[in-house]
Undergrad: 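Below you'll find the structure I mean.
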Amino acid sequence: MCGIIGYIGDKKASDILISGLSHLEYRGYDSSGIALMNNNNVEVYKAQGKLINLINILKEKENHLLNYNIGIGHIRWATHGAPSIVNAHPHTCCFNNLTLVHNGIIENYQEIKEELIKEGYNFLSQTDTEVAANLIAKEYTKTKNLLDAMQMAVKKMKGAFAFCAIHKDEPDKIVVAKRNAPLVIGLGQGENFVASDIPAIIEYTKKAIYLTDHQVGVVKKDSVEIYDENDNKVENKIEYLPFEAMAISKMGFKHFMLKEIHEQGDVVRNVLSGKLLQIDKSIKLDEFKLNKEQIKKISRVQIIACGTSLHAGLVGKYIIEKFAKIPVDVEPSSEYIYRDTIADENTLVIGISQSGETADTITAIKQVKQKHSHIAIITNRADSTMARLADSLLPISAGIEVSVAATKSYMAQLISLYILSIYLHEQLGFSDFKEEIQNLKQELLELPNKVEALLEDTENIKKIAKKYSNFKDFIFIARGINFPSALEGALKLKEISYINATGYGAGELKHGPIAMLDNNMPVLAILNTGIVYDKVLSNCEEAKARQARLIGVTNYMAEKDIPLFDDLITIPFCSDLISPAVNIVVLQLLAYYISEYLGKDVDQPRNLAKSVTVE
Ligand code: M6R
């Protein structure tokens, strides 16, 4: 949450900072601000709300800002204090010479603040960042050196931070620091960049240094120096960035979300590529580092994730238990970390995360790592903190996902879990399910075409979205392997349209939620051919008997059952086992078009951020 950016070079810094922030807006959009330095002069500009408000302020300063070639910027997702101008970053210390942007949370900021107040420091905002700025400034009074001051200050702070600081008396550098929040330094020719994430700098450079926890760095226009937690200089580890600037364009779609939904056929192809070649060949999964003997020793699997990734994990439970016959627990990371979880060296822990930066999941993984469990990470960011914690890194290669609502990354997570389940089954040498596995492989290979066929004609979904866009509440029901689809469909709808939507296992309806049903509470039911079809149908009858309007999402429906439904969306025929990967496309589109009709901000829904880097 929150995005930070820094630039030092010969170009107009404000343009580069604004362009960078526009690519970090997915991390928060409560306020934004930049600080620009020219020799010993620093100017700060801030605006509440979306970045466009800051852009409008800067328009009047176009010429004035031409010679400001160093700067730091921030886009905020409010943690401490309301989303106001006074709480917006950058924050300047009370001596008015050090300016700071920050991503993360300083857990002991109150203690530090109280001490600083006793010493005569004063504060304008409610933020932990202003406290950090003053603490670094205090150290500066002793060291007269920004690097030393930062090194001393970070040792006194607890919690998570990525910092970029500038000081009026050292106009040739940006000093950065990192602990438990992402920070990357982009390397240019006669210019360097700092950012929370690659999209902010990818149009300028493909070379970068990822800071690791506890490192502090000095970024000048021609050099970068990094120091470890003992203040020793370390060698710069230069990496090549995996993205093209193209990946962060809408490519003609109205929203990133719609573009990303439409990319899902290719996403499936990418995940399968090199792993599933033919239906009669075993899955190849070199990224999974346990050998056959070690796999045989796995006694339990724990999947930890949040939000959409958690829903993918629930589908994973279903298929891993079925094919690998190992018990699987799936738990939100935020719950996992506050329990005495039972894990040992025979536990396979699977962390799932689109961003690889979700704070709760990172903490959970760090905790369980101490129990010597094998950690497999399924992530879309092979360059993320979580990826670096992995024993087995299973990258999903969905390409960068900009829209806050996860779509193609969910699809890629599902496919990775199918692949992993079949792989475990094959490595364990089971001889049952032979035909079912071959059919599943065949269906995985056919999936991209089915997804693309569905995306070719979305008129019916658009029509239904329009019809239901004014309802205030929704219930999504399903059973078996599609229960997580109901949860994910409801999550998609609520997060981008703000309609109250809840997913239930259809069998649970009559144990309470049915009390809410009437003709103002539409019920969306997922019914696929398979063992739960008749059961879900009975649950639909129960809902209809309470006057609920029924929307069916199905791969096949008997003629006699059709009249029960007010509206029906038919997906290409597929087995129940693979159907979550097809049904979800319908639910994503439905949420998208409802949000669109309501005129909501589809890609940047209120109160949310793409990467939740605070616990
Ligand atoms: O990056 P992660 O997958 O770890 O993020 C977890 C959730 O914050 C995320 O899935 C969230 O629920 C999505 N915005 C939902 O669309």
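Note that ligands are numbered from 1 as they come in the structure, with each ligand's atoms numbered from 1 the same way.
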Undergrad: So, are Lys317 and Asp329 salt-bridged, with charged N and O less than 4.0 Å apart?
TA: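 Asp329 and Lys317: not salt-bridged.
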Undergrad: Hey, do the aromatic rings of Phe161 and His102 have their centres closer than 6.0 Å?
TA: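 Between His102 and Phe161, which both carry aromatic rings, the centre distance is not below 6.0 Å.
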Undergrad: Check this for me: does any side-chain nitrogen of one of Asp213 and Lys366 sit under 4.0 Å from a carboxylate oxygen of the other?
TA: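 So Asp213 pairs with Lys366 through a salt bridge.
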Undergrad: Is the closest N or O pair between Leu491 and ligand 1 shorter than 3.5 Å?
TA: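 No; the residue has no nitrogen or oxygen that sits under 3.5 Å from a nitrogen or oxygen of the ligand.
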Undergrad: What's the shortest distance from atom 8 (O) of ligand 1 to any protein heavy atom, and which residue and atom give it?
TA: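 The closest heavy atom on the protein side is Val612 CG2, 3.8 Å.
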Undergrad: Please list, in number order, the atoms of ligand 1 under 4.0 Å from a heavy atom of Ser309.
TA: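 Matching atoms, with element in brackets: 2 (P), 3 (O), 10 (O).
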Undergrad: Looking only at protein heavy atoms, which one is nearest to atom 1 (O) of ligand 1, and what is the separation?
TA: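 Closest protein heavy atom to atom 1 (O) of ligand 1: Ser355 OG, 2.6 Å.
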Undergrad: Which heavy atom of the protein is the closest neighbour of atom 16 (O) of ligand 1, given with residue, atom name and distance?
TA: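 Ranking protein heavy atoms by distance from atom 16 (O) of ligand 1, first comes Glu495 OE2, 2.3 Å.
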Undergrad: Does Glu335 pair with Arg339 as a salt bridge, N-O distance under 4.0 Å?
TA: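 Looking at Arg339 together with Glu335, the answer is no, because their closest N to O distance does not fall below 4.0 Å.
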Undergrad: I'd like to know if Glu263 and Lys259 make a salt bridge, using a cut-off of under 4.0 Å between side-chain N and carboxylate O.
TA: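 Lys259 and Glu263: salt-bridged.
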Undergrad: Can you tell me which residue and heavy atom of the protein come closest to atom 4 (O) of ligand 1, and the distance to 0.1 Å?
TA: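 Of the protein heavy atoms, Thr358 OG1, 2.4 Å lies nearest.
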Undergrad: Are Arg76 and Glu25 close enough for a salt bridge, meaning some N to O gap below 4.0 Å?
TA: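 Judged by the 4.0 Å cut-off on N to carboxylate O distance, Arg76 and Glu25 do not form a salt bridge.
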Undergrad: For ligand 1, which atoms sit closer than 4.0 Å to a heavy atom of Ala405?
TA: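 So the answer, numbered in order with elements, is 16 (O).
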Undergrad: Has Arg388 got its NZ or CZ under 6.0 Å from the middle of the six-membered ring of Tyr210, at an angle within 45 degrees of the ring axis?
TA: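 Judged by the rule (NZ or CZ under 6.0 Å from the ring centre, within 45° of its axis), Arg388 counts as positioned above Tyr210.
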Undergrad: Tell me, which protein residue and heavy-atom name are nearest atom 10 (O) of ligand 1, and how many Å apart are they?
TA: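 Answer for atom 10 (O) of ligand 1: Thr308 N, 3.1 Å.
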Undergrad: Should we say atom NZ of Lys237 is surrounded by more than 12 heavy atoms from elsewhere, each under 6.0 Å from it?
TA: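 No - once you tally the heavy atoms of other residues, nucleotides and ligands closer than 6.0 Å, there are 12 at most.
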Undergrad: Starting from atom 14 (N) of ligand 1, what is the nearest protein heavy atom, named by residue and atom, and what distance separates them?
TA: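 Minimum-distance protein heavy atom for atom 14 (N) of ligand 1 reads Val404 O, 3.0 Å.
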Undergrad: Heavy atom under 4.0 Å from ligand 1: found in Lys492's side chain, backbone, both, or neither?
TA: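 It is the side chain that touches ligand 1; the backbone stays farther off.
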Undergrad: Which of the numbered atoms in ligand 1 are under 4.0 angstrom from any heavy atom belonging to Ser353?
TA: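 Once the distances to Ser353 are compared, the set is 1 (O), 2 (P), 3 (O), 4 (O).
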Undergrad: Assess Thr361 for proximity to ligand 1: is some non-hydrogen atom of it under 4.0 Å away?
TA: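 Thr361: no contact with ligand 1 (<4.0 Å).
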Undergrad: Taking 4.0 angstrom as the limit and counting only heavy atoms of Cys306, give me the atoms of ligand 1 inside it, by number and element.
TA: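 What qualifies from ligand 1 is 6 (C), 7 (C), 10 (O).
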Undergrad: Any Lys/Arg nitrogen of Glu239 or Lys207 sitting under 4.0 Å from an Asp/Glu carboxylate oxygen of the other?
TA: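 Not counted as a salt bridge, because no side-chain N and carboxylate O are separated by less than 4.0 Å.
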